Amino acid sequence: MIQHHLAIFYRAYLDAVLAGTKTIECRLSRTGNIPHCLVKPGDLLWLKESAGPVRAVATAGVVRGFRDLAPTRIDWLRRRFNAGIGGVAPFWRQHRDARHATLIWLDNVCPLPPFNVIKRDRRAWVVLAGPPVPGEPILPAPVDLA
């Protein structure tokens, strides 16, 4: 079953996705936060600008998860995948101590006429119960993290 996700992007990274220069989304965390192990190939990713509108939708292509990372492995991820990730040096420094990584190849990126949704929390990724509806609150799906 296809799952819907709301992924929050800083403007520069979302612009790079829309320009086709950022083809891999990389989420790093110390605790294995969402989307770790929850995104599957074929899922729909609704791309929302931080403090702004939803601007695009994409399909999750290849999804790779990594756990029990160390700084040397983060460096390997940077060297191996940064051409598609487009992470700047401060991004990699900030996440040097991450223990989990999720890499999602962005397929079928489709720009949308920008639309706003009501989201008042600071989550950078939300698994949705269905597609976002313009002007409406987002509806998170129940998520089993076990």
Side-chain angles (χ1 to χ4, degrees), residues 1-112 114 116-132 137-146:
M1 183 166 97
I2 292 175
Q3 185 69 56
H4 295 267
H5 303 263
L6 184 69
I8 312 306
F9 284 75
Y10 289 119
R11 177 181 289 164
Y13 287 122
L14 185 49
D15 288 345
V17 169
L18 292 170
T21 58
K22 177 177 174 55
T23 58
I24 303 170
E25 176 55 9
C26 175
R27 298 289 168 132
L28 298 163
S29 75
R30 290 189 180 131
T31 60
N33 293 344
I34 293 173
H36 190 69
C37 298
L38 292 175
V39 178
K40 306 290 185 247
D43 282 357
L44 290 179
L45 312 176
W46 298 88
L47 311 182
K48 181 185 177 308
E49 185 176 317
S50 180
V54 174
R55 295 178 49 202
V57 64
T59 305
V62 173
V63 179
R64 291 188 61 187
F66 302 86
R67 64 174 80 203
D68 300 322
L69 296 173
T72 55
R73 191 73 165 150
I74 296 293
D75 289 340
W76 176 83
L77 287 171
R78 179 185 49 79
R79 288 190 310 275
R80 176 72 175 88
F81 298 107
N82 199 49
I85 294 168
V88 295
F91 168 82
W92 292 106
R93 279 194 302 274
Q94 176 184 357
H95 294 95
R96 184 160 173 77
D97 294 328
R99 304 272 296 151
H100 301 270
T102 303
L103 302 183
I104 306 162
W105 276 253
L106 302 172
D107 291 346
N108 308 312
V109 175
C110 180
L112 299 171
N116 290 310
V117 292
I118 300 171
K119 179 182 175 297
R120 295 197 172 102
D121 58 50
R122 297 181 52 87
R123 291 177 292 174
W125 195 281
V126 183
V127 180
L128 300 172
I138 59 165
L139 297 175
V143 176
D144 181 8
L145 297 175

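Small disclaimer: the values here were computed from a predicted structure and weren't measured.
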> Are any side-chain N or O atoms of Lys48 and backbone N or O atoms of Ser50, one a donor and one an acceptor, separated by less than 3.5 Å?
Replying inline: no

>> With a 4.5 Å cut-off on side-chain heavy atoms, are Ile8 and Lys119 touching?
In response: yes

> Does a side-chain heavy-atom distance below 4.5 Å link Lys40 with Ile2?
Replying inline: no

> Which value, rounded to the nearest 0.5 Å, describes the distance between Ile104 atom CD1 and Ile85 atom CD1?
Replying inline: 10.5 Å

>> Would you compute the distance between atom NE2 of His95 and atom CG of Asp97 and round it to the nearest 0.5 angstrom?
In response: 10.5 Å

>> Would Arg123 and Ile138 count as a side chain to side chain contact (heavy atoms under 4.5 Å, CB included) here? Give the steps.
In response: CA-CA 12 Å; Arg123 291 177 292 174; Ile138 59 165; 4.1 Å; yes

> Which value, rounded to the nearest 0.5 Å, describes the distance between Leu45 atom CG and Glu25 atom CD?
Replying inline: 8.5 Å

> Can Arg27 be said to sit on top of Phe9's aromatic six-ring, NZ or CZ under 6.0 Å from centre and within 45° of the ring axis?
Replying inline: yes

>> Nearest 0.5 angstrom please: Thr31 OG1 to Arg99 CZ, how far?
In response: 11.0 Å

> Minimum heavy-atom separation for Pro131 to Trp46, with atom names?
Replying inline: CB-CZ2, 3.7 Å

> Do side-chain atoms of Gln3 reach the backbone of Leu128 as a donor and acceptor pair under 3.5 angstrom?
Replying inline: yes

> Roughly how far, to the nearest 0.5 Å, is the CG atom of Leu6 from the CG atom of Leu139?
Replying inline: 11.5 Å

> Do you know the tightest heavy-atom contact between Pro140 and Val126?
Replying inline: CB-CG1, 4.1 Å

>> Give me the atom names and distance for the closest heavy-atom approach of Gly87 to Tyr13.
In response: CA-OH, 3.8 Å

> Which pair of non-hydrogen atoms, one from Ile74 and one from Arg96, has the smallest distance, and what is that distance?
Replying inline: CG1-O, 3.7 Å

> Do Leu38 and Trp125 have side-chain heavy atoms sitting under 4.5 Å apart?
Replying inline: no

>> I need the Asp75 CG to Trp92 CH2 distance, nearest 0.5 Å.
In response: 9.0 Å

Side chains of residues 55-73: which donor-acceptor pairs under 3.5 Å do they make with residues two or more places apart or in other chains?
unit_1: Arg55; atom_1: NH1; unit_2: Asp15; atom_2: OD1; d: 3.0
unit_1: Arg55; atom_1: NH1; unit_2: Glu49; atom_2: OE1; d: 2.9
unit_1: Arg55; atom_1: NH2; unit_2: Asp15; atom_2: OD1; d: 2.9

